[in-house]
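Since this is a predicted model, take the numbers as computed values, not measurements.
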Amino acid sequence: MTDMPGAAPSNTIRVGFIGLGSQGGPMAERILAVGHPLTVWARRAEVLEPFVVQGAIAAGSIAELGGACDVIGVCVIDDAGVLAVCDELVPAMRPGSLLAIHSTILPESCEALAARCAAGGIHFLDAPVSGGGQAAAAGTLTVMCGGGADAFARAKPVFESFAGTVVHLGPAGSGQRAKIVNNALMAANMGLAHAALAAGEALGIERKALAELIKVSSGRSFGFEVYARLPSPQAFAHGAPLLVKDVKLLGAVLLGHAGVATLRDAASGFLAAATGQDI
C-alpha cells in the first residue's frame, strides 16, 4: 500500500501521552526525540506548549487523542486519576490499539482495565516505571510490564525510547506488583539509612564522613545514596508521599504479610520525618 502524501508511513506507531508531569514529561520528550509521531493532552494549554514546539500534536480532548493513536501511555498520579482518564479514553480507542498505564496503582485496578480493554479489542499493559525524571530524560528508565506477550511486543519499541530495561513479568497487574515491592524496598532502604546515620552520629562519627564510607562499603544501596544527599528528611518532601502511597498499596494487596510489616517498619521513621505524618 502506498502512503498518502503528507501522511505518516503505514508502519509508523502513532503514540499518545497523558500525564506530562515531572515523570511523564521527559518520557514524552524522548518519544518525540526518536521520531514517533506524538499526540498529547492536558487540562491546561500551557502544559502542552513545550511539546507542541518540539513537534507534538495537541489533542482537544481525551477522546480525540484516543481515536487518533496506536499506543497510548497514561502517567497520572493515582488510581482515581487513572480511572477518570480511562473512563473517557477507552471508549474512544480503536480496536487493535494499545493502552499502557505507567502510573503506580493497585494491580486489581489494572486487571479491571485489562478486562475493559479486551471487551473492545484493545491491547493492555500495566507498565509502571522506575528511575525518575532524570532517567526518563536520559532514556534509562526501567519499565515493569504486565499483560499479554503480543501487547508487550507491540509496545516495546515505544518503551525503548525512554527506557534502558523493559521487562515482561506476566499477566496484567504483574508490573504493578513488582513496582510496589520495589518502591517499598526503596522506602525501607532510605529508612535504614536514616537510622544508620543517626546511630553513627550518636556514636560520635561525623555524618558526612560515615556517609561517604558506606557508599563504598558493603552497607551501600541506592536508597542510602539518595538519603545521604539530603540535608534533612524534609528535603525529600516531594518524593516521600509517593513512597508512603506505595508502602500502603503493598499493605493493601498483602494484608497481614510479615514481609510488608518488615518493610513498613523499616521505612516508617524516615517517612514520618519527611512528611510529618505517621504511616
For a 4.5 angstrom cut-off between non-hydrogen side-chain atoms, does Val90 reach Asp87? no
Tell me whether Asp126 contacts the main-chain N or O of Gln176 through its side chain, where contact means a donor paired with an acceptor under 3.5 Å. yes
Strictly distance-based, threshold 3.5 Å: is any side-chain N or O of Arg220 a donor or acceptor partner for the main-chain N or O of Ser217? yes
Under the 3.5 angstrom rule, does the side chain of His168 hit a backbone N or O of Gly147 as a donor-acceptor pair? yes
Carefully, step by step, assess Val82 and Leu113 under the rule side chain to side chain contact (heavy atoms under 4.5 Å, CB included). CA-CA 10 Å; Val82 170; Leu113 273 174; 3.8 Å; yes
Taking a hydrophobic cluster as the set of Ile, Leu, Val, Met, Phe, Trp and Tyr residues connected by side-chain heavy atoms closer than 4.5 Å, whether directly or through intermediates, do Val74 and Val71 fall within one such cluster? no
I want to check something: taking the side chain as every heavy atom from C-beta on, are Val34 and Phe162 in contact at a cut-off of under 4.5 Å? no
Might you point out which heavy atoms bring His102 and Gly73 nearest each other, and give the distance in Å? CD2-CA, 3.9 Å
Whether over 12 other heavy atoms sit under 6.0 Å from Ile77 CD1: no
Among Ile13, Val52, Val15, Val158, find the residue that satisfies the side-chain contact (heavy atoms from CB on, under 4.5 Å) test when tested with Leu38. Val15
For the residue pair Pro26 and Ala137, what are the closest heavy atoms and their distance? CB-N, 3.8 Å
Minimal heavy-atom distance between Ser174 and Gly170, with the atoms involved, is OG-C, 3.4 Å
Nearest 0.5 angstrom please: Met27 CE to Leu20 CG, how far? 10.5 Å
Any side-chain to backbone donor/acceptor pair from Ser161 onto Pro157? Under 3.5 Å, distance only. no
Does His238 use its side chain to pair, donor to acceptor, with the backbone of Ala240 at less than 3.5 Å? no
Correct closest heavy-atom pair for Val76 and Val85 would be CG1-CG2, 4.4 Å
Within a strict 4.5 Å, meaning less than it, do heavy atoms of the Leu89 and Trp41 side chains meet? no
Quick one: are Arg154 and Leu125 in side-chain contact, heavy atoms under 4.5 Å? no
Is the shortest side-chain heavy-atom distance between Arg116 and Ile122 below 4.5 Å? no
With the 4.5 Å side-chain cut-off for hydrophobic clustering, are Val247 and Leu185 part of the same group? no
Any chance the rings of Phe17 and His36 have centres within less than 6.0 Å? no
Got a second to check how far Phe270's CZ is from Leu197's CG, nearest 0.5 Å? 11.5 Å
Would you say Ile57 ends up clustered with Leu48 if hydrophobic residues are merged whenever their side chains have heavy atoms under 4.5 Å apart, either directly or through other cluster members? no
Whether over 12 other heavy atoms sit under 6.0 Å from Gln134 CD: no
Under 4.0 Å between a Lys/Arg side-chain N and an Asp/Glu carboxylate O for Arg177 and Glu111? yes
Do Arg30 and Leu141 pass the side chain to side chain contact (heavy atoms under 4.5 Å, CB included) test, and can you show the C-alpha distance, the side-chain angles, and the key distance before you say yes or no? CA-CA 11 Å; Arg30 290 288 303 186; Leu141 283 173; over 6 Å; no
Applying the side-chain contact (heavy atoms from CB on, under 4.5 Å) test to Met186, which of Val226, Asp246, Leu263 qualifies? Val226
Under 3.5 Å: donor-acceptor pair, side chain of Glu201, backbone of Glu206: no
Does Arg14 reach the side chain of Thr39, with side-chain heavy atoms less than 4.5 Å apart? no
Name of the residue among Ile180, Leu254, Asn183, Val181 meeting side-chain contact (heavy atoms from CB on, under 4.5 Å) with Leu249: Ile180
Are Leu98 and Leu65 linked, directly or through intermediate hydrophobic residues, by side-chain heavy-atom contacts shorter than 4.5 Å (ILVMFWY only)? no
For Val244 and Gln277, what are the C-alpha separation, side-chain angles and deciding distance, and is it a side chain to side chain contact (heavy atoms under 4.5 Å, CB included)? CA-CA 10 Å; Val244 170; Gln277 299 176 349; over 6 Å; no
Would you check, one step at a time, whether the test side chain to side chain contact (heavy atoms under 4.5 Å, CB included) holds for Ser109 with Leu83? CA-CA 8 Å; Ser109 298; Leu83 181 61; over 6 Å; no
On a heavy-atom basis, the closest approach of Gly66 and Ile72 is CA-CD1, 3.7 Å
Tightest non-hydrogen contact, residues Cys69 and Ser97, listed as O-CB, 3.7 Å
Joint cluster assignment, Leu210 & Tyr227, ILVMFWY side-chain distance < 4.5 Å: yes
To the nearest 0.5 Å, how far apart are CZ in Arg264 and CD1 in Ile279? 7.0 Å
